[in-house]
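Down below is the structure, laid out as structure tokens.
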Amino acid sequence: MSDPIKTHYRACHLCEAICGLEIKTQGTKILSIKGDKEDPVSHGFICPKATAIADIHNDPDRLRMPHKRLGEDWVEISWDEAIELAARKLVETQQYHGDNSVGFFAGNPGVHNYGNLTHGPAFRRAVKTKNHYSATSLDQLPHQLTSWAMYGHQFALPIPDVDHTDLMVIMGGNPLASNGSIMTMPNAPKRLKAIKERGGKLVVIDPRRSETADIASQHIFIKPGTDAFVLMAMINTLFREDWVTQSHLTDHVKGLEIIKESVTHFSLELAAQKSGVPSEQIRQLTQALAETDKAVIYGRMGVSVQEFGALCQWAIQVINLLIGATDSVGGAMLTSPAFAYVTKGAPGPGHFSRFDSRVSNLPEFSGELPAVALAEEILTPGEGQIKAMVTIAGNPIISSANANEMEKAFESLDFYVAFDFYINATTKHADLILPPTSPLEHDHFDIAFLRFAVHNSVRMNPPVFEPKEGALHDWQIFNAVGKRIAALKNADFKELPAPDRIVAYGIENDVYGAKQNPDMSLTMDKIKAAPHGIDLGPLKPSMIGRIATADSLINAAPDFLINDLNRLAERATQNDEHALLLIGRRHIRSNNSWMHNYHRLVKGKPRWQLMMHPDDLATRGIKDQDQVIIKSRVGEVTTTVIATDELMPGVVSLPHGWGHNKKGVKMSIATQQQGVNCNELTDDKLIDKVCGNAAFNGVPVTVSVAESIKSLKKAI
Ligand SMILES: Nc1nc2c(c(=O)[nH]1)N[C@H]1C(S)=C(S)[C@@H](COP(=O)(O)OP(=O)(O)OC[C@H]3O[C@@H](n4cnc5c(=O)[nH]c(N)nc54)[C@H](O)[C@@H]3O)O[C@H]1N2
Ligand SMILES: Nc1nc2c(c(=O)[nH]1)N[C@H]1C(S)=C(S)[C@@H](COP(=O)(O)OP(=O)(O)OC[C@H]3O[C@@H](n4cnc5c(=O)[nH]c(N)nc54)[C@H](O)[C@@H]3O)O[C@H]1N2
Ligand code: SF4
Ligand SMILES: [Mo]
């Protein structure tokens with residue numbers, strides 16, 4: 001008799017949109033993956049990546065058991081042996097070279113796999129080092145930093161009320177490709193188009209006419225890295241023109257006078273000169289933001305990973321405050337999740353600059369040092385040098401700036417253990433790989449993204465499949481290695497219960513739990529009984545009472561950001577005529593560096609080429625489809641160029657996450673892809689100096705025809 005067909009409901013964990021899925025299985029087979037129409041937020045929407053969850057699950061290249069390096073080869077070993085080896089090597093390294101000789105790099109998928117969030121910290125405490133790095137400082141550090149400084153908690157992130165706004169300005173975000181970031185919004189296309197359909201306006205400010213710009217009411221080209229000038233001019237204009245709106249928050253904000261004084265030099269003319277955006281356009285946009293009742297400005301990667309990322313994210317918060325958008329319907333509001341609700345006194349508010357990195361003196365944020373400092377901390381001898389690495393769901397050789405230096409660093413390590421299920425460009429350097437279960441073999445709760453969602457909901461999903469015999473979840477591996485490390489150090493280790501128990505306890509004691517909300521008395525059992533999720537309603541104004549600063553006031557003018565305006569003012573005086581500025585690009589069928597081993601996602605037209613404006617090609621004697629060499633201060637890559645007026649002249653675009661075709665990478669489909677690693681061009685010294693965040697956007701490069709390749713082609 002054949003196995004019965006089962007239907008499972010589960011959130012997609014691949015990106016921040018966390019769409020609801022309906023997965024049909026029969027025995028160990030996945031029959032279909034579709035959108036869950038009854039999901040209260042995604043309503044059946046999915047993107048093409050969702051079906052690739054089946055490919056992840058079935059991928060023969062995905063490791064199922066620990067792998068130990070033997071010269072150029074790998075051998076499968078038992079979990080007991082692997083856990084002992086990992087613990088012993090890390091402890092020995094610390095005994096010889098000190099606590100800080102072990103470094104950690106945590107990548108993005110850990111945030112999409114909640115066992116990493118519940119159990120990672122205890123494991124890290126068992127190791128005890130100052131050398132923690134993560135994708136945060138390649139990404140959203142400026143958001144967390146400004147929220148910490150202004151609202152007193154790094155996760156007090158006002159989320160755009162996309163479903164109710166009448167004017168949305170998106171600066172450096174491309175939700176049509178990314179499906180939204182720090183703005184969980186499944187079905188970004190529909191939600192953004194709806195703004196226009198209800199008579200509102202969507203404005204996109206981007207050096208590229210992105211997919212989102214294509215559906216916008218207005219697209220404004222901007223020269224990469226100059227957004228801070230535009231934003232400061234907008235703030236200046238709001239004050240000058242007396243367009244500042246009084247709101248229920250006015251008495252809860254301090255520092256506006258300081259801002260007013262500090263931005264007087266940032267004129268519309270200066271902004272226009274630096275950014276290429278006409279001053280009248282900036283003025284009109286500012287006026288529209290001030291005069292539209294339900295308006296909001298939002299900025300993402302384009303304005304986070306650039307030299308003035310923190311100033312940009314801060315300015316965006318300030319503008320929303322000044323136009324009365326913060327904490328207002330149709331503006332940007334704090335979310336009300338069932339777990340880890342942010343309020344005064346909530347755990348993990350964050351801290352900044354308590355210590356610096358050893359080599360370049362870059363500041364920590366919440367216990368993490370900037371990822372751009374990792375390679376030099378491994379390569380520079382002296383006390384505190386990193387000798388052993390732990391990576392957890394990260395691929396820093398492809399995802400961090402200056403990939404060649406990062407590769408050199410990983411090659412030089414005494415010991416490296418990777419928590420990962422692929423042998424990729426980074427983990428190929430490991431001595432030991434500890435692969436966790438497949439995503440479908442563990443339960444799923446979105447600790448992170450339910451907190452960033454444009455509509456409140458909660459959902460907990462059981463595993464689709466039982467784990468293969470002997471397989472361990474990430475959190476079980478953390479528990480096992482952490483416990484063994486503690487034993488070797490004669491230290492205590494408190495083994496935590498399973499993640500769902502931790503979350504269940506948290507929910508019962510949080511805002512919808514019996515103590516705080518007897519009417520609702522939300523429990524994990526109730527959540528589990530609603531497989532499609534529970535709708536917790538739209539975002540609501542709730543900031544007063546939740547401001548987590550010591551004096552319960554929003555600090556609109558944090559000192560270190562006001563001081564950083566000097567750096568921007570200095571930049572204003574510099575002649576910054578570069579040949580070309582490199583920016584990145586995301587694609588709906590790609591996900592950072594790790595979804596290129598699935599045929600259904602990589603097939604079709606190539607999408608890893610360098611995009612360049614036809615005028616820029618012409619002045620360099622380059623033709624569409626030529627092979628070109630792109631050079632930056634730190635490296636060079638060769639790829640195919642495509643001519644397109646999607647980009648403004650003077651800007652070129654290359655996506656990140658590619659470049660798998662390296663000796664030793666064991667991903668049979670990914671290694672056949674021709675894309676190059678754009679982070680061989682990005683520069684670990686080109687950073688947002690105030691916080692050390694990477695500046696992937698606005699990297700000066702030159703582009704020329706690859707003569708040798710051309711002549712070789714002719715000869716063949
Ligand atoms: N130039 C440039 N560089 C960028 C960016 C850019 O825009 N431009 N974007 C940056 C951003 S925003 C980010 S977030 C980073 C991402 O950088 P990373 O987090 O370093 O890269 P990912 O590609 O997400 O790598 C994920 C790794 O996690 C593994 N993995 C997947 N699921 C699991 C799991 O459940 N458990 C474990 N243990 N491992 C798992 C995969 O096999 C892969 O090796 O890249 C950054 N790099
Ligand atoms: N399909 C897909 N979805 C993803 C990911 C993925 O890799 N693929 N990654 C996920 C992750 S980890 C993240 S962090 C999010 C990111 O989500 P988003 O930030 O929405 O995604 P990006 O495509 O990086 O959008 C950045 C935009 O900024 C523009 N830009 C570049 N430089 C500048 C500049 O100097 N100024 C301005 N104003 N704009 C600039 C770029 O042209 C681009 O359109 O996406 C998530 N979702
Ligand atoms: S948009 Fe993101 S969460 Fe939704 S199906 Fe696609 S990858 Fe999954
Ligand atoms: Mo990211």
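Just so it is clear, the model here is predicted, and its values are computed rather than measured. Worth knowing before you read on, the calculation uses all heavy atoms, side chains too, and leaves out hydrogens, waters and symmetry mates.
- The line from CD of Gln672 to NE2 of His596 is 14.0 Å long, rounded to the nearest 0.5 Å.
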Determine all donor-acceptor pairs shorter than 3.5 Å in which one atom belongs to a side chain in residues 70-77; sequence neighbours excluded.
from  : atom 1 : to     : atom 2 : distance (Å)
Glu72 : OE1    : Lys663 : NZ     : 3.3

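- Between Arg607 and Glu211, no side-chain nitrogen of the basic residue sits less than 4.0 Å from a carboxylate oxygen of the acidic one, so the salt-bridge criterion is not met.
- With a 6.0 Å radius and a threshold of 12 heavy atoms from other residues, nucleotides or ligands, Lys528 has its NZ atom above the threshold.
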- Message: As a quick check of understanding, evaluate side chain to side chain donor-acceptor pair (under 3.5 Å) for Asn591 and Arg586, giving each step before the final call.
- Response: CA-CA 8 Å; Asn591 197 19; Arg586 280 178 159 76; over 6 Å; no
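- The minimum heavy-atom distance between Ser457 and Leu450, with the atom names listed, is O-CD2, 3.5 Å.
- Between the side chains of Ser304 and Gln140, not a single donor N or O lies within less than 3.5 Å of an accepting N or O.
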- Task: Output, in order, the C-alpha distance, side-chain angles, deciding distance and verdict of side-chain contact (heavy atoms from CB on, under 4.5 Å) for Leu601 and Lys49.
- Result: CA-CA 7 Å; Leu601 292 186; Lys49 287 186 293 302; 4.2 Å; yes
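- Taking 4.5 Å as the limit, every side-chain heavy atom of Pro370 sits out of range of all side-chain heavy atoms of Asn693.
- Aromatic ring centres of Phe478 and Phe419 lie closer together than 6.0 Å.
- None of His444, His455, His112 except one satisfies the ring-ring contact (aromatic ring centres under 6.0 Å, His included) rule with Phe449; the exception is His112.
- Between the side chain of Asp3 and the main chain of Gln26, no donor-acceptor pair closer than 3.5 Å is present.
- In this structure, the side chain of Asn677 engages the main chain of Ile397 through a donor-acceptor pair within 3.5 Å.
- Side-chain atoms of Asp474 never come within 3.5 Å of backbone atoms of Asn116 as a donor-acceptor pair (strictly under, hydrogens ignored).
- Of the possible polar contacts, one joining the Asn461 side chain to the Tyr9 backbone as a donor-acceptor pair under 3.5 Å is found.
- Between the CD1 atom in Ile30 and the CD1 atom in Ile23 there is a gap of 7.0 Å [rounded to 0.5 Å].
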- List the steps and the verdict of side-chain contact (heavy atoms from CB on, under 4.5 Å) for Asp420 and Thr391. CA-CA 8 Å; Asp420 206 302; Thr391 61; 5.6 Å; no
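- No side-chain N or O of Ser399 forms a donor-acceptor pair with one of His656 less than 3.5 Å apart.
- Residues Phe696 and Ala401 share a closest heavy-atom pair of CE2-N, 3.8 Å.
- Asp59 contributes a side-chain N or O that, together with a main-chain N or O of Asp61, makes up a donor-acceptor pair within less than 3.5 Å.
- The residues Arg300 and Asp139 are annotated as salt-bridged, a charged nitrogen and a carboxylate oxygen being separated by less than 4.0 angstrom.
- Arg585 contributes a side-chain N or O that, together with a main-chain N or O of Ser653, makes up a donor-acceptor pair within less than 3.5 Å.
- For the atom pair CD of Glu368 and CG of Leu141, the computed distance is 8.5 Å after rounding to the nearest 0.5 Å.
- Separation of atoms CG (Asp446) and CD1 (Ile18) is listed at 4.0 Å; rounding is to 0.5 Å.
- The shortest distance between side-chain heavy atoms of Ser210 and Leu176 does not fall below 4.5 Å.
- At a threshold of 4.5 Å between non-hydrogen side-chain atoms, the residues Leu192 and Ile170 count as touching.
- Under the 3.5 Å distance criterion, the side-chain polar atoms of Arg589 are left unmatched by any main-chain donor or acceptor of His587.
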- Query: What do the steps show when you test Asn187 against His43 for side-chain contact (heavy atoms from CB on, under 4.5 Å), and what is the final call?
  - Reply: CA-CA 9 Å; Asn187 207 345; His43 308 292; over 6 Å; no
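- Partner of Phe104 under the ring-ring contact (aromatic ring centres under 6.0 Å, His included) criterion, chosen from Tyr416, Phe123, Tyr133: Phe123.
- His57 places a side-chain heavy atom less than 4.5 Å from the side chain of Glu441.
- When all heavy atoms of Ile46 and Cys19 are compared, the pair lying nearest together is CG2-CB, 4.2 Å.
- Within the model, atoms CD1 of Ile392 and CZ of Arg124 stand 5.5 Å from one another, a figure rounded to the nearest 0.5 Å.
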- Item | side chain to side chain donor-acceptor pair (under 3.5 Å) assessment of Thr335 paired with Asn456 | CA-CA 7 Å; Thr335 63; Asn456 297 308; 4.7 Å; no
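- The shortest heavy-atom contact between Phe105 and Asn395 is CE2-N, 4.3 Å.
- Taking every heavy atom of both residues into account, Ser134 and Ala371 meet most closely at O-CB, 3.8 Å.
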- Step by step, would you call Lys428 with Lys666 a side-chain contact (heavy atoms from CB on, under 4.5 Å)? CA-CA 8 Å; Lys428 72 171 193 159; Lys666 299 214 182 302; over 6 Å; no
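- Within a 6.0 Å sphere centred on CD of Gln674, other residues, nucleotides and ligands contribute 12 heavy atoms or fewer.
- For the pairing with Val458, the side chain to side chain contact (heavy atoms under 4.5 Å, CB included) check across Asp535, Ile527, Val503 returns one residue only, Ile527.
- Of the possible polar contacts, one joining the Thr184 side chain to the Glu16 backbone as a donor-acceptor pair under 3.5 Å is found.
- Here the closest non-hydrogen pair linking Ala122 and Phe493 is O-CE1, 3.6 Å.
- Taking CG from Leu539 and CD1 from Ile159, the interatomic distance works out to 8.0 Å, rounded to the nearest 0.5 Å.
- Taking 4.5 Å as the limit, every side-chain heavy atom of His473 sits out of range of all side-chain heavy atoms of Asn113.
- The shortest distance between side-chain heavy atoms of His119 and Pro499 falls below 4.5 Å.
- By the salt bridge (Lys or Arg N to Asp or Glu O under 4.0 Å) test, Arg600 pairs with Asp55, sequence neighbours left out.
- More than 12 heavy atoms of other residues, nucleotides or ligands lie within 6.0 Å of NZ in Lys662, so this atom counts as buried by the packing criterion.
- Counting heavy atoms from C-beta outward, Arg451 and Val342 have side chains that approach closer than 4.5 Å.
- Crowding of Lys34 atom NZ: a count of heavy atoms from other residues, nucleotides or ligands under 6.0 Å not exceeding 12.
- His429 and Glu407 are linked by a side-chain donor-acceptor pair at a separation below 3.5 angstrom, with hydrogens and angles left out of the test.
- Side-chain N or O atoms of Asn597 include one that pairs as donor or acceptor with a backbone N or O of Ile669 at under 3.5 Å.
- The aromatic rings of Trp594 and Tyr598 stand perpendicular to each other, their planes meeting at an angle above 60°, with 30° marking the opposite boundary.
- Side-chain contact between Cys678 and Trp658: absent, with no pair of heavy atoms (C-beta onward) separated by less than 4.5 Å.
- Between the side chains of Tyr114 and Asp443, at least one donor N or O sits under 3.5 Å from an acceptor N or O.
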- What do the steps show when you test Arg191 against Asp163 for salt bridge (charged side-chain N to carboxylate O under 4.0 Å, His left out), and what is the final call? CA-CA 6 Å; Arg191 291 189 133 97; Asp163 294 344; 2.9 Å; yes
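- In terms of modelled atom types and a separation under 3.5 Å, the side chain of Lys468 and the main chain of Ser438 share no donor-acceptor contact.
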